[in-house]
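Here the structure comes first, spelled out in C-alpha cells, and everything after it is commentary.
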Amino acid sequence: MIKVMIVDDQELIRDSLKIVLDQNNDIKVTALASDGQECLELLKKELPEVILMDVRMPELDGVQATRIIKELYPEVRIIILTTFDDEEYVYNALKYGASGYMLKGVSVSELSSAIRTVASGGAMINPEVVTKVVKLFSQMAQQGGTASVSVETNGGTELFSRTERNIALLVGHGLSNKEIAERLRLSEGTIRNGLSSVLAKQGLRDRTQLAIWAVQTGLANEMVDD
C-alpha cells in the first residue's frame, strides 16, 4: 500500500483527491495538509511514501517545502501538483528534488500512475512540462549561463551505442517512450531497455536528469543518427 499525503490550501481539492485516490487498491491517503508548514508538522508523526504538493500556499509554499522535506526526509518522494506551469516553479521544484511535476488537469488514472511510478523510484512529469524544462536549460546554455541543477555522470556519449545515443537525444527533446519508439522505428520495449542502459551507464536517477544532461552537454541540439 502506497501512503500518500496531500498538501493543498484548497479544502475541496484535498478532499476530492483523497476520495478518488482512495479508490485505488494500492494507494491510501493517510494525511492532509493546508500548507507546507502543516505538512512539516505532520511529517514528524508519520512519513508517507509520496507527497502531492501544491505550489502557491500561505505560510510555506510548495517549492520551499520541497527543499526542506528533501533535506530532512530524502526518502520521501514529492510530486508537485499545480495549475501553474511557470518555468521558475518547474526549475526550482526539480532543483530541490521533486520526483514529479504534474498539472492539475491530469486524469485520475494518470495521477495514480504517477504516484506508483514515483513510489518505485522513477520520475513522472507532464510532457509539456518536460518541454519547458528542456527549453529553459537550452536558453540558459545559449545565454552562457549554467544550470544549478548538478547532473553528475560517468562520462559522455562515447559510452553509448547508436540507439542509446538517439534515445538520450530524444529524451532531451521531451519525447515519451512511445514517441521515441515511433521516431526510431523500434518497439517500446527496446526503448525502455535502452533508456535503462543509458541511465545505468551515466549513473543518472531518471529521465528528467537525463533530459537536463542532454541539454547541458549539447546532445539535445544534435541530429538523430539514422
Side-chain angles (χ1 to χ4, degrees), residues 2 26 49-50 70 74-81 85 90-91 93-103 106-107 109-138 140-141 147 149-226:
I2 303 172
D26 58 340
E49 291 166 80
V50 178
K70 294 303 290 186
E75 70 275 21
V76 175
R77 310 287 182 176
I78 299 174
I79 297 175
I80 299 294
L81 183 63
D85 60 348
V90 176
Y91 175 75
L94 296 176
K95 178 175 70 173
Y96 293 139
S99 297
Y101 198 110
M102 310 291 290
L103 301 181
V106 299
S107 67
S109 61
E110 287 176 315
L111 183 56
S112 300
S113 177
I115 290 171
R116 296 185 186 99
T117 298
V118 167
S120 64
M124 183 62 68
I125 300 179
N126 281 116
E128 62 268 34
V129 175
V130 172
T131 301
K132 278 184 171 288
V133 173
V134 171
K135 286 182 179 178
L136 175 62
F137 281 89
S138 294
M140 293 179 71
V149 175
S150 177
V151 181
E152 298 180 359
T153 67
N154 297 326
T157 57
E158 67 273 4
L159 297 170
F160 299 159
S161 67
R162 183 179 68 176
T163 297
E164 289 169 347
R165 174 192 172 278
N166 286 338
I167 291 172
L169 187 159
L170 293 173
V171 167
H173 290 178
L175 271 63
S176 66
N177 284 355
K178 181 179 180 181
E179 291 169 331
I180 294 173
E182 292 173 351
R183 173 66 179 81
L184 300 181
R185 299 183 179 86
L186 298 170
S187 70
E188 285 191 58
T190 298
I191 301 304
R192 284 194 297 270
N193 291 337
L195 178 58
S196 296
S197 179
V198 167
L199 294 176
K201 287 181 178 180
Q202 293 294 65
L204 296 171
R205 184 184 66 233
D206 51 51
R207 69 188 302 126
T208 303
Q209 283 194 336
L210 176 59
I212 293 171
W213 174 81
V215 173
Q216 287 178 330
T217 59
L219 175 62
N221 295 326
E222 297 179 13
M223 299 292 290
V224 169
D225 183 3
D226 294 320

Rounded distance (nearest 0.5 Å) linking atom NZ of K178 with atom CZ of R192: 12.5 Å
Check: R77 main-chain N/O paired with K70 side-chain donor or acceptor under 3.5 Å: no
Minimum side-chain heavy-atom gap L159-E164 below 4.5 Å: no
Heavy-atom closest contact (Y101 atom, I79 atom, distance): N-CG2, 4.4 Å
Validation row: L219, W213 side chains within 4.5 angstrom (heavy atoms): yes
Shortest non-hydrogen separation from I80 to A93 and the atoms involved: CG1-CB, 3.6 Å
Atom pair NZ (K201) and CG (L199), whose distance is rounded to the nearest 0.5 Å: 11.5 Å
Spatial distance of atom CZ (R183) from atom CG (L186) [nearest 0.5 Å]: 10.5 Å
Side-chain heavy atoms of L210 within contact of L195, under 4.5 Å: yes
Atom pair CD/CZ of E158 and R165 - distance to nearest 0.5 Å: 12.0 Å
Sidechain-backbone polar pair: N166 side chain, D225 backbone, donor-acceptor under 3.5 Å: yes
Atom pair CE/CD1 of M102 and I115 - distance to nearest 0.5 Å: 9.5 Å
4.5 Å side-chain heavy-atom contact, I2 and R116: yes
Verdict with reasoning, S161 to T163, per side-chain hydrogen bond (donor to acceptor under 3.5 Å, both in side chains): CA-CA 5 Å; S161 67; T163 297; 4.8 Å; no
Any donor-acceptor pair under 3.5 Å from S197 side chain to N193 backbone: no
Contact summary for A214 and G172, nearest pair of heavy atoms: CB-CA, 3.8 Å
Qualifying residue for side chain to side chain contact (heavy atoms under 4.5 Å, CB included) with L175, from I191, L184, I180: I180
